[in-house]
Visitor: 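I am attaching a structure below and will ask some questions about it afterwards.
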Amino acid sequence: MLDIRYIRENPDEVKTRLETKNSVIDIDKLLQLDIDKRKLLGETEELKAERNKATQMIAQLKREKQDATESITKTREIGDKIAVLDGRIRELDVDIREIMMSMPNLPHKSVPVGKSEKDNVTVKEVGEKRDFNFKVLDHIELTEKHGIMDFKRASRMSGAGFPLYLGKGAQLERALINFMLEFHIKNGYTEVIPPIVALPIAMEGTSQLPKLKDDMYHATRDDLYLVPTGEVTITNIHREEMLNVADLPINYTGYTPCFRREAGSYGKETKGLLRVHQFNKVEMVKFTKPETSYAELEELLKRVEDILSELKIPYRVLELCTGDLSFGAAKCYDIETWSPAEDKYLEASSCSNFEDFQARRMNIRYRPEPKAKPEFIHTLNGSGLATSRLMVSLLEHYQNEDGSITVPEVLRKYTGFDVIK
RNA sequence: GGGGAAUUGGCUGAGAGGCUUAAAGCGGCAGUUUGCUAAACUGUUGAAGGGGCAACCCUUCCGCAGGUUCGAAUCCUGUGUUCCCCGCCA
């Protein structure tokens, strides 16, 4: 959520910056509602001050055992007027809130302006794409060959898009998760195992709601959503809290399954692991002071890069343009790993700074100095990383001519084997 | 699934329709005293919104949302969360 006062004071700037995010929000309407509301607020507050004085007098009359009937009748009339005004203010508030909640975050000034993913900027390409002197198998052929994944059986029990890992496939998946978790713990992150369902209010906090409602699994009977990312529950750890400045930055890492309906995306990348309804992810979440959040964003990116370097998998880093930024992000890097069989890069991580956008929705604040006013903290998160597409790149990149798959060296102490054959 | 209890500021916790403008303590801040620190003592210290050039003024907020009332932290209804008991269960 944006600061209404900032919108009031800089309406044209807000409009321009929202336009670069392909957002159609009627700022003029919002500001008019805001003006109307404040006018009524002034009127009702004046009446309330009057009523407060009047009820005090009634209290005094009663204490002195005098008749207060006349005052009560008069005060009731004031109360009736207040009820009317408050009713109208409440209606305006509903309208204002609806607009505010559906308004995306403003892009940071450093973000390249662009319309779509075509305008994203490649920051760097790292690692060497292997030169295969044999016919490369894709990840589906490889997993079938070794019986380490079974998409057919999985779809019989859960429908398409829910992977089943078997044997060394399951072990490799778990090795990746362990490797990444321990990597983050070594770098000062605190591991958490959060719930993977969340209340609507938590989903609003991290801004999956209202926009992504149709993309999430929803247990209607209990009104709980399955998390599309660990970000939701990990960031909501500190909802409605006043954080201690000495504790900042707070760094969490956690493994969670993630669930996405991917509504409307059928026909696109439906093969194997490329786009699935359930996948595993190790998430990083940060709570920082406003002045350090952009340095922390670079730190997140570095963690992802270091992991891919240790795994020795080629990747590239994209800086998302304004039009491709997610709803709540002010700035975002996507990290994509190379798939030799698909002959393209696959998105395996994205690192975002939300500035105070989520903190304002969740009411997470800190006091910069002992006596200072509370301020909203900044939140960031990055996938470090999602395993599904990383697994595609890993299997394909590490395949050998005889069809066997070498286990990356750093994973061997977690798998207990060094080749799948 | 059934029954009961709780929910108050950064934290603990009083408070049961009007002398609450939310007690008290802790913590924070400032000062006094003291070789330094600590302790003790004194003072000060909630949040959000609106108005004013300003000192300042007004309103709202006791989990959340409604309601009753001239007036609600307090009464009523719904609901979130937490805890306890019974049942079921890994």
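It should be emphasised that the depicted structure is a prediction, and the values quoted were computed from it without experimental measurement. Quick note on labels: first sequence line is chain A, next is B, and so on, each numbered from 1. Hydrogens, waters and symmetry mates are skipped; everything else that's a heavy atom, side chains included, is used.
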Visitor: Counting only side-chain nitrogens and oxygens, does A/Arg367 get under 4.0 Å of the OP1 or OP2 atom of B/A47?
Guide: yes
Visitor: Give me the distance, rounded to whole Å, that separates B/U68 from B/U77 when you measure between the C1' atoms they each carry.
Guide: 10 Å
Visitor: Out of A/His238, A/Lys289, A/Arg365, which residue meets the side chain to side chain contact (heavy atoms under 4.5 Å, CB included) rule with A/Leu243?
Guide: A/His238
Visitor: Taking atom C1' in both B/A39 and B/U34, compute the distance separating them and give it to the nearest angstrom.
Guide: 10 Å
Visitor: In whole angstrom, give the distance that lies between atom CG of A/Leu40 and atom P of B/G49.
Guide: 19 Å
Visitor: Within this structure, what is the CD1-to-C1' distance between A/Ile4 and B/G50, rounded to whole angstrom?
Guide: 14 Å
Visitor: With a cut-off of 6.0 Å (strictly less than), are more than 12 heavy atoms of other residues, nucleotides or ligands near CD of A/Glu298?
Guide: yes
Visitor: Would you tabulate the pairs of protein nitrogen or oxygen atoms and nucleotide nitrogen or oxygen atoms of nucleotides 88-90 of chain B closer than 3.5 angstrom?
Guide:
none

Visitor: Describe, in one word, how the ring planes of A/Tyr189 and A/His184 are oriented to each other, choosing from parallel (under 30°), tilted (30 to 60°) and perpendicular (over 60°).
Guide: tilted
Visitor: Cation-pi check for A/Tyr294 against A/Lys331: NZ or CZ below 6.0 Å from the six-membered ring centre and within 45 degrees of the axis, yes or no?
Guide: no
Visitor: NA contact type, A/Lys373, heavy-atom cut-off 4.0 Å: base, sugar-phosphate, or nothing?
Guide: sugar-phosphate
Visitor: Roughly how many Å apart are B/C62 and B/U74, using the P atom of each and rounding to a whole number?
Guide: 8 Å
Visitor: Between B/G51 and A/Arg38, is there an OP1 or OP2 to side-chain N/O distance shorter than 4.0 Å?
Guide: yes
Visitor: Have A/Asp36 and A/Gln32 got a donor and an acceptor in their side chains that come within less than 3.5 Å?
Guide: yes
Visitor: For salt bridge (charged side-chain N to carboxylate O under 4.0 Å, His left out), just list the numbers for A/Arg156 and A/Asp150, CA-CA rounded to whole Å, side-chain angles, deciding distance to a tenth of an Å, and then say yes or no.
Guide: CA-CA 10 Å; A/Arg156 277 211 300 265; A/Asp150 194 325; over 6 Å; no
Visitor: Side chains of A/Glu173 and A/Asn280: any donor to acceptor distance under 3.5 Å?
Guide: yes
Visitor: Counting heavy atoms from C-beta on, name the nucleotide in B/G80, B/G10, B/G50 closest to the side chain of A/Leu199.
Guide: B/G80
Visitor: Measuring only between side-chain heavy atoms, which start at C-beta, is A/Val197 closer than 4.5 Å to A/Tyr225?
Guide: no
Visitor: Taking only Watson-Crick and G-U wobble pairs with both distances under 3.5 Å, what dot-bracket line describes RNA chain B, where [ ] shows pairs that cross earlier ones and | shows pairs with another strand?
Guide: ((((((((.[[[..)..(.....]]]((((((.......))))))((((((....)))))).[[[[[..)....]]]]])))))))....
Visitor: So, applying side chain to side chain contact (heavy atoms under 4.5 Å, CB included) with A/Val232, which one of A/Gln208, A/Glu283, A/Met216 is it?
Guide: A/Gln208
Visitor: Going by heavy atoms in the side chains, are A/Ile335 and A/Cys351 under 4.5 Å from each other?
Guide: yes
Visitor: Could you measure between the two P atoms, the one in B/G25 and the one in B/C76, and give it in whole Å?
Guide: 32 Å
Visitor: To the nearest Å, how far apart are A/Glu375 CD and B/A48 P?
Guide: 11 Å
Visitor: Between B/A73 and B/A16, how far apart are the C1' atoms? Round to whole Å, please.
Guide: 10 Å
Visitor: Rounding to a whole Å, what distance do you find between A/Leu243:CG and B/G28:P?
Guide: 18 Å
Visitor: Name the residue closer to the 5' end of RNA chain B, choosing between A/Lys37 and A/Leu224 according to the nucleotide with the nearest heavy atom.
Guide: A/Lys37
Visitor: More than 12 heavy atoms of other residues, nucleotides or ligands under 6.0 Å from CD1 of A/Ile201: yes or no?
Guide: no
Visitor: Does a side-chain N or O from A/Arg365 land closer than 4.0 Å to OP1 or OP2 of B/A48, or not?
Guide: yes
Visitor: Output the rounded distance in Å from CD (A/Glu240) to P (B/A48).
Guide: 13 Å
Visitor: What nucleic acid atoms does A/Arg360 come within less than 4.0 Å of, heavy atoms only: base, sugar-phosphate, or nothing?
Guide: nothing
Visitor: Does A/Arg5 place a side-chain N or O at less than 4.0 Å from the phosphate oxygens OP1/OP2 of B/A48?
Guide: no
Visitor: Give the nucleotide from the list B/A47, B/G80, B/G50 with an atom nearest to the side chain of A/Pro374.
Guide: B/A47
Visitor: Write down the distance separating the C1' atoms in B/G43 and B/A47, rounded off to the nearest Å.
Guide: 23 Å
Visitor: Calculate the interatomic distance between A/Leu41 atom CG and B/G51 atom C1'; express it in whole Å.
Guide: 11 Å
Visitor: Which letters describe nucleotides 53-78 of chain B, given B = protein heavy atom under 4.0 Å from base, S = only from sugar-phosphate, - = neither?
Guide: -----BBS-----S---BS-------
Visitor: If we take the C1' atom in both B/G67 and B/G17, what is their distance in whole Å?
Guide: 16 Å
Visitor: Is a side-chain donor-acceptor pair under 3.5 Å present for A/Glu191 with A/Tyr255?
Guide: no
Visitor: Do A/Thr379 and A/Gln358 pair up side chain to side chain, a donor and an acceptor below 3.5 Å, judged on atom types alone?
Guide: yes
Visitor: How close or far is atom C1' of B/G1 from atom CG of A/Asp222, stated in whole angstroms?
Guide: 13 Å
Visitor: Parallel, tilted or perpendicular for A/Phe162 and A/Tyr217, by the 30°/60° rule?
Guide: tilted
Visitor: What distance, rounded to whole Å, do you find between the two C1' atoms, one in B/U81 and one in B/U8?
Guide: 15 Å
Visitor: Within this structure, what is the CD-to-P distance between A/Glu241 and B/G9, rounded to whole angstrom?
Guide: 13 Å
